[in-house]
Engineer: 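The following block contains the structure, expressed as structure tokens.
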Amino acid sequence: MIGQLRSVVIDCPDPRALAAFYSELLDIPLVEGEGEGDDEWVVLGGPPGHQPRLAFQRALNLRPPAWPDPERPQQFHLDVTVDDIESAEKAALALGARRLPGEGEGFRVYADPAGHPFCLCWD
């Protein structure tokens, strides 16, 4: 092994707001960027080495992905496992997610408030 995953980092125009969205969606606590003025870099999860960790960094001129447009590809996405897709979808939409075209057996596609695609998945 060369190293261990430290964080998945997501560029966005408002790190604090997007971190709050994912904190609620995934029930992962805010651990860095808790102070006022810490709006450039915000982290959810535990200390380095404790998984999962999601970090959000400010990118003011971000061109969000345009699912499923190949001119502005998704670049990455998160798969989130849920027990009940209908209640999970309702909760995600209430947090600011929006439904995107595309679904399959066991998943539906959404965008977070900054436009990044993610999937709600069930078995």
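Please read all numbers here as calculations on a predicted model, not as lab measurements.
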Engineer: Any non-hydrogen side-chain atom of F107 less than 4.5 Å from a side-chain atom of I85?
Structural biologist: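 When only atoms from C-beta onward are counted, I85 and F107 do not touch, as no gap falls below 4.5 Å.
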
Engineer: When rounded to the nearest 0.5 angstrom, what distance separates CD1 in I10 from NE2 in H77?
Structural biologist: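 NE2 of H77 is found 12.0 Å from CD1 of I10.
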
Engineer: Applying the 4.5 Å side-chain criterion to the ILVMFWY set and letting contacts propagate, would L78 and L62 be lumped into a single cluster?
Structural biologist: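 Different clusters.
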
Engineer: Do other residues, nucleotides or ligands put more than 12 heavy atoms under 6.0 Å from D27 CG?
Structural biologist: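 No, CG of D27 has 12 or fewer neighbouring heavy atoms, counting only those of other groups under 6.0 Å.
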
Engineer: Closest heavy-atom contact between W122 and V82?
Structural biologist: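 Minimum heavy-atom separation between W122 and V82: CB-O, 3.6 Å.
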
Engineer: Are L30 and V8 grouped together when hydrophobic residues (ILVMFWY) are joined by side-chain heavy atoms under 4.5 angstrom apart?
Structural biologist: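 Shared cluster, yes.
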
Engineer: Under a 3.5 Å distance rule, please check whether H116 uses its side chain to pair with a backbone N or O of D11 as donor and acceptor.
Structural biologist: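 Checking the backbone N and O of D11 against the side chain of H116, a donor-acceptor pair under 3.5 Å is found.
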
Engineer: For residues F76 and W67: do they belong to one hydrophobic cluster (side chain heavy atoms under 4.5 Å, members Ile, Leu, Val, Met, Phe, Trp, Tyr)?
Structural biologist: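 The answer is no; the residues belong to distinct hydrophobic clusters.
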
Engineer: State, to 0.1 Å, how close R58 and P15 come at their nearest heavy-atom pair, and which atoms those are.
Structural biologist: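 Between these two residues, the closest heavy atoms are N-CG, 3.3 Å.
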
Engineer: If you count the non-hydrogen atoms of other residues, nucleotides and ligands that lie under 6.0 Å from CG in D83, is the total more than 12?
Structural biologist: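 For D83, atom CG is not crowded (no more than 12 foreign heavy atoms under 6.0 Å).
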
Engineer: Nearest 0.5 Å, what's the CG-CD distance between L120 and E103?
Structural biologist: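 Nearest 0.5 Å value for the CG-CD distance: 11.5 Å.
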
Engineer: Give the minimum heavy-atom separation between L25 and A92, together with the two atoms involved.
Structural biologist: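 Taking every non-hydrogen atom into account, CD1-CB, 3.9 Å.
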
Engineer: Hey, quick one: are L93 and V109 part of the same hydrophobic cluster, counting side-chain heavy atoms closer than 4.5 Å, chains of contacts allowed?
Structural biologist: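 Per the 4.5 Å side-chain linkage, L93 and V109 are not co-clustered.
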
Engineer: Do the side chains of L18 and D112 get nearer than 4.5 Å, heavy atoms only?
Structural biologist: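 Yes, close enough: below the 4.5 Å cut-off.
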
Engineer: Under 4.0 Å between a side-chain nitrogen and a carboxylate oxygen: does that hold for R16 and E40?
Structural biologist: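 The answer is no: the pair does not qualify as a salt bridge.
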
Engineer: Closest approach of P13 and A114, non-hydrogen atoms and distance?
Structural biologist: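 Heavy atoms only, the tightest pair is CD-CB, 4.3 Å.
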
Engineer: Strictly distance-based, threshold 3.5 Å: is any side-chain N or O of T81 a donor or acceptor partner for the main-chain N or O of C121?
Structural biologist: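 Side chain of T81 to backbone of C121, a donor-acceptor pair under 3.5 Å: no, none is there.
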
Engineer: Taking side chain as C-beta onward, heavy atoms only, is Y110 less than 4.5 Å from L100?
Structural biologist: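 No. Closest side-chain heavy atoms not under 4.5 Å.
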
Engineer: Checking R63 against E71 for the salt bridge (Lys or Arg N to Asp or Glu O under 4.0 Å) test, could you report, in this order, the C-alpha distance in whole Å, the side-chain angles of both residues, the deciding distance, and whether it holds?
Structural biologist: CA-CA 11 Å; R63 289 187 62 214; E71 290 297 314; over 6 Å; no

Engineer: Might you point out which heavy atoms bring A97 and F118 nearest each other, and give the distance in Å?
Structural biologist: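 Minimum heavy-atom contact is CB-CZ, 3.9 Å.
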
Engineer: Give me the atom names and distance for the closest heavy-atom approach of P65 to P117.
Structural biologist: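 Nearest heavy atoms, P65 then P117: CG-CD, 3.8 Å.
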
Engineer: Do V9 and W41 come within less than 4.5 Å of each other through their side chains, counting heavy atoms only?
Structural biologist: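 They are in contact (side-chain heavy atoms under 4.5 Å apart), so the answer is yes.
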
Engineer: Evaluate the side-chain proximity of L44 to R53: yes if any heavy-atom separation is below 4.5 Å, no if none is.
Structural biologist: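 Sidechains of L44 and R53: no contact.
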
